[in-house]
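Below is one structure, written out as structure tokens; the observations come after it.
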Amino acid sequence: MAKIATWNVNSVKARLSHVVDWLKEAAPDVALLQELKCIEENFPLMEFEDAGYSAVLAGQKAYNGVAILSRTPLEDITTRLPGDDTDDQARYVEAVTKLNGRMVRVASIYLPNGNPVDSEKFSYKLRWMGRLKNHARELLRLEEPVVLGGDYNVIPEDGDVWDPARWRDDALFRMEVRRKFREILNLGYTESYRALHSEIGHYSFWDYQAGAWQKDNGLRIDHLLLSPQAADLLAACEIDRTPRSKTKPSDHTPVWCELAI
DNA sequence: ATGCCGGGCGAAGCCCGA
């Protein structure tokens with residue numbers, strides 16, 4: 001069994017002890033991290049190596065930043081999402097690794113937030129999703145197990161947000177965004193959590209403010225998308241609420257899946 | 001509740017997140 005997890009850590013330096021503890025307890029084979037908020041030179045590589053992981057990343061000062069941690073060597077590394085050479089935001093890293101003898105391609109994705117919806121940020125989000133769709137289509141041609149995991153900043157359905165009416169016009173829930181997300185799924189990708197769980201009201205993010213965690217006012221916006229070759233191996237997918245319950249947590253909590261290899 | 005937390009930056013208060 002191979003376990004692949006995704007977690008927006010909201011600063012890898014501020015969250016280092018949490019992340020190391022989680023790696024030891026949850027023991028994923030591959031961990032996809034987002035919002036590192038640091039450049040590559042400041043990434044705490046040694047601490048992760050001590051925990052048994054190698055890492056590749058796309059870093060950026062203060063904002064964004066994505067990494068892949070793996071117990072097995074990472075190859076064929078891509079640190080940019082194709083489709084716009086002028087886009088310098090560190091939101092995509094992809095690599096291949098061998099898990100129990102099977103090559104699996106993984107990507108760590110930090111999709112733009114897009115708020116406010118009447119700004120350039122929203123059109124950037126939609127363009128970014130279009131580029132992701134194009135790249136996801138290309139990856140299908142390889143006919144290999146692919147896991148596109150990360151903070152998608154997309155609430156797929158009403159049952160994935162605590163108050164759908166209130167979120168209707170938010171960039172995470174706007175119909176254009178949900179439609180674009182479905183277009184990616186319709187290429188042939190499976191959203192791991194929803195494939196195995198029909199129940200609603202299970203979240204991966206809770207705002208720091210207004211007691212959102214205590215009231216369970218959350219959003220499900222962190223997703224693991226699987227190519228058909230990966231989806232055929234899907235054995236489990238769960239949300240691990242433990243890291244969000246700790247002191248000084250990230251506002252996101254990890255989501256993981258297991259592939260039967 | 002478009003800023004009530006929280007992080008980065010940089011050394012006070014602003015930008016940003018979702």
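Numbers restart at 1 for each chain; the letters A, B, ... are given by sequence-line order, proteins then strands.
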Separation of atom [atom1] in [X] from atom [atom2] in [N], rounded to whole Å:
X	N	atom1	atom2	result
A:Phe205	B:dG17	CZ	P	12 Å
A:Asn8	B:dG7	CG	C1'	12 Å
A:Arg91	B:dC16	CZ	C1'	11 Å
A:Leu36	B:dG7	CG	C1'	13 Å
A:Phe122	B:dG17	CZ	P	14 Å
A:Tyr63	B:dC14	OH	P	14 Å
A:Gln60	B:dG7	CD	C1'	14 Å
A:Asn64	B:dG8	CG	P	14 Å

Under 4.0 angstrom, heavy atoms only, what part of the nucleic acid is [X] near: base, sugar-phosphate, or nothing?
X	value
A:Asp222	nothing
A:Tyr203	nothing
A:Lys125	nothing
A:Asp163	nothing

Using the [atom1] atom as the reference point in each nucleotide, state the distance between [N] and [M] in Å, no decimals.
N	M	atom1	answer
B:dG10	B:dC4	P	23 Å
B:dA11	B:dA1	P	37 Å
B:dT2	B:dA12	C1'	23 Å

key: Set of salt bridge (Lys or Arg N to Asp or Glu O under 4.0 Å) partners for A:Asp50, sequence neighbours left out   =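 By the salt bridge (Lys or Arg N to Asp or Glu O under 4.0 Å) rule, A:Asp50 matches no residue at all.
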Annotated protein contacts, base or backbone, on nucleotides 1-6 of chain B with a non-hydrogen cut-off under 4.0 Å, one of B, S, - each = --BBBS
Run the side-chain contact (heavy atoms from CB on, under 4.5 Å) test against [X] and tell me which residues pass, sequence neighbours left out.
X	value
A:Gln209	A:Asp207
A:Asp232	none
A:Ala231	A:Thr190, A:Leu226

key: Contact nearer the 5' end of DNA chain B, comparing A:Lys61 with A:Pro112   =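 Result: A:Lys61.
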message = I want to confirm an ordering. Mapping A:Leu219 and A:Ala62 to their closest nucleotides on DNA chain B, which one lands closer to the 5' end?
response =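 Final value for this comparison: A:Ala62.
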key: From A:Asn64 atom CG to A:Cys38 atom SG, the distance as rounded to the nearest 0.5 Å   =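 Output value for this atom pair is 11.5 Å.
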message = Ignoring hydrogens, what is the shortest heavy-atom contact between A:Asp216 and A:Trp206? Give both atom names and the distance.
response =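 What the structure gives for the nearest pair is OD1-NE1, 2.9 Å.
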task = Supply the members, apart from A:Leu23, of the Ile/Leu/Val/Met/Phe/Trp/Tyr cluster built from side-chain contacts under 4.5 Å; use none for a lone residue.
result =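 Result for A:Leu23 is A:Trp7, A:Val9, A:Val12, A:Leu16, A:Val19, A:Val20, A:Trp22, A:Leu33, A:Leu36, A:Phe43, A:Leu45, A:Phe48, A:Tyr53, A:Leu57, A:Leu69.
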